[in-house]
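All of these numbers come straight from a predicted model, not from anything done at the bench.
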Amino acid sequence: MNEQLVRRRIQQVAELLHIEQKLGNRATALSGGEMQRVAIGRALVREPAVYLMDEPLSSLDAKLRAELRLELKRIQRELGTTILYVTHDQIEAMTMADRIGVMKEGLLVQLGTPREIYERPDNAYVASRLGTPAINLIPAELLARDAMPPNVRTVGLRTEHIRIAAVDRPGPIAQVRWVEHLGDQNHVHLKLASHSLVTLADPAQELKAGDQVSLEFDDPLYFDQAGNRVAAGELRRHA
């Protein structure tokens, strides 16, 4: 590739990354986010068939990570190429990926779209990798056994599976341990028998430490002794 083509490619990638005005700057004159974009640009300018990015945003602050997540997704769509992106950040995985592969001890345990991985995890390990707050894994004996297949040993409760009701309503009784007020929502920490649960609640719902509440569950996930998910259809076959 001649020098003219090289310069043209560098200019194209710099414009893609919105750093074309920084091409003449020394590295010491760049911000952290700009240096991160330069590093990404060095990979993009080579035009490989597949890009491998190993936690490229991990060293940035939250604001820059959020900005560059959007930038990388935009770049991938504009280039129309494949990016194999390694991350421990579930938000990056959920917001950026077309397909997610969940690894455990070097093995690929599930591959699917973000929605498939979140809603239909193959096992409790995969279920625990996505979701904020993390999924609650509760022994099945704490809940009504007639509402689940007979081979269930663990029930997975995401925040959307749990409804907090008045203590006089049917359902397991839990105690509010504390409430984290986050503005548009509250994180409610509960004690169910000897197990802790975390869920979300509307800030308008008046809850405080020490309150007794009843819990209602909507379409939770079920796992057997080995930790593998039991499909909800199993419940209908055993009914």
Side-chain angles (χ1 to χ4, degrees), residues 62 88-95 100 102 104 109-110 114-239:
H88 287 85
D89 188 321
Q90 59 174 297
I91 295 176
E92 288 181 12
M94 289 291 288
T95 58
I100 294 174
V102 180
K104 182 181 181 182
V109 292
Q110 188 171 352
R115 181 176 290 274
E116 288 168 347
I117 297 292
Y118 182 83
E119 295 182 353
R120 297 188 296 280
D122 284 349
N123 52 55
Y125 174 80
V126 173
S128 69
R129 304 307 297 169
L130 297 177
T132 304
I135 191 170
N136 302 284
L137 297 173
I138 302 299
E141 58 265 24
L142 294 183
L143 309 179
R145 293 298 313 218
D146 59 354
M148 63 185 76
N151 58 333
V152 171
R153 295 295 177 268
T154 304
V155 178
L157 299 167
R158 297 198 185 278
T159 57
E160 63 268 26
H161 299 150
I162 304 172
R163 289 195 298 272
I164 298 174
V167 71
D168 58 354
R169 294 287 299 274
I173 302 301
Q175 183 180 54
V176 177
R177 298 177 66 193
W178 70 86
V179 180
E180 293 179 285
H181 301 284
L182 303 177
D184 62 332
Q185 61 187 15
N186 288 342
H187 281 197
V188 182
H189 298 254
L190 302 162
K191 191 82 167 181
L192 177 64
S194 60
H195 291 268
S196 298
L197 293 145
V198 182
T199 190
L200 301 179
D202 191 309
Q205 189 173 10
E206 295 186 4
L207 295 167
K208 64 182 185 301
D211 284 351
Q212 298 285 320
V213 296
S214 177
L215 301 181
E216 299 175 354
F217 305 122
D218 180 25
D219 197 24
L221 299 171
Y222 300 119
F223 303 99
D224 62 18
Q225 183 69 39
N228 297 316
R229 183 169 63 90
V230 178
E234 291 292 317
L235 175 59
R236 291 190 289 271
R237 287 200 290 272
H238 288 284

Side-chain heavy atoms of [X] within contact of [Y], under 4.5 Å:
| X | Y | result |
| --- | --- | --- |
| Pro172 | Leu142 | no |
| Arg153 | Phe223 | no |
| Thr95 | Pro114 | no |
| Val155 | Leu221 | no |
| Leu190 | Val176 | yes |
| Val179 | Lys208 | no |
| Arg163 | Asp218 | yes |
| Val102 | Ile100 | yes |

Quick one: does any side-chain atom of [X] pair with a main-chain N or O of [Y] as donor and acceptor, under 3.5 Å?
| X | Y | value |
| --- | --- | --- |
| Asp202 | Ala204 | yes |
| Gln90 | Gly131 | yes |
| Ser214 | Pro170 | yes |
| Thr159 | Thr199 | no |
| Gln110 | Arg120 | yes |
| Asn136 | Val198 | yes |
| Gln205 | Ile164 | yes |

With rounding to the nearest 0.5 Å, note down the distance linking [atom1] in [X] to [atom2] in [Y].
| X | Y | atom1 | atom2 | answer |
| --- | --- | --- | --- | --- |
| Leu157 | Phe217 | CG | CZ | 5.0 Å |
| Glu119 | Asp219 | CD | CG | 9.0 Å |
| Thr154 | Glu141 | OG1 | CD | 8.0 Å |

Could you give all pairs that pass the ring pair (Phe, Tyr, Trp, His ring centres under 6.0 Å) test and reach residues 176-209, with sequence neighbours left out?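 Applying ring pair (Phe, Tyr, Trp, His ring centres under 6.0 Å) to every pair that reaches into residues 176-209, excluding sequence neighbours, yields Trp178-His189.
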Does the side chain to side chain contact (heavy atoms under 4.5 Å, CB included) test come out yes or no for Val167 and Ile173, once each step is laid out? CA-CA 7 Å; Val167 71; Ile173 302 301; 3.9 Å; yes
Do you know the tightest heavy-atom contact between [X] and [Y]?
| X | Y | result |
| --- | --- | --- |
| Ile138 | Ser196 | CD1-O, 4.2 Å |
| Pro203 | Asn186 | CA-ND2, 3.5 Å |
| Leu200 | Pro133 | CD2-CD, 4.0 Å |
| Pro220 | Gly156 | CB-O, 3.5 Å |

Worked check of side chain to side chain contact (heavy atoms under 4.5 Å, CB included) between Val188 and Val213: CA-CA 11 Å; Val188 182; Val213 296; over 6 Å; no
Go through it in stages, so that I can follow the logic: the residues are Met94 and Tyr118, the test is side chain to side chain contact (heavy atoms under 4.5 Å, CB included), and I'd like the CA-CA distance, side-chain angles, deciding distance and then a yes or no. CA-CA 9 Å; Met94 289 291 288; Tyr118 182 83; 4.1 Å; yes
With side chain to side chain contact (heavy atoms under 4.5 Å, CB included) as the test, would you mind laying out the steps for Gln175 and Asp211 before giving the verdict? CA-CA 6 Å; Gln175 183 180 54; Asp211 284 351; over 6 Å; no
In residues 121-129, what donor-acceptor pairs under 3.5 Å come from side-chain atoms, sequence neighbours left out?
from   : atom 1 : to     : atom 2 : distance (Å)
Asn123 : OD1    : Tyr125 : N      : 3.1
Asn123 : OD1    : Val126 : N      : 2.9
Tyr125 : OH     : Met103 : O      : 3.0
Ser128 : OG     : Tyr125 : O      : 2.6

Partners meeting ring pair (Phe, Tyr, Trp, His ring centres under 6.0 Å) with His161 (sequence neighbours left out):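 Partners of His161 by the ring pair (Phe, Tyr, Trp, His ring centres under 6.0 Å) criterion come out as none, since no residue qualifies.
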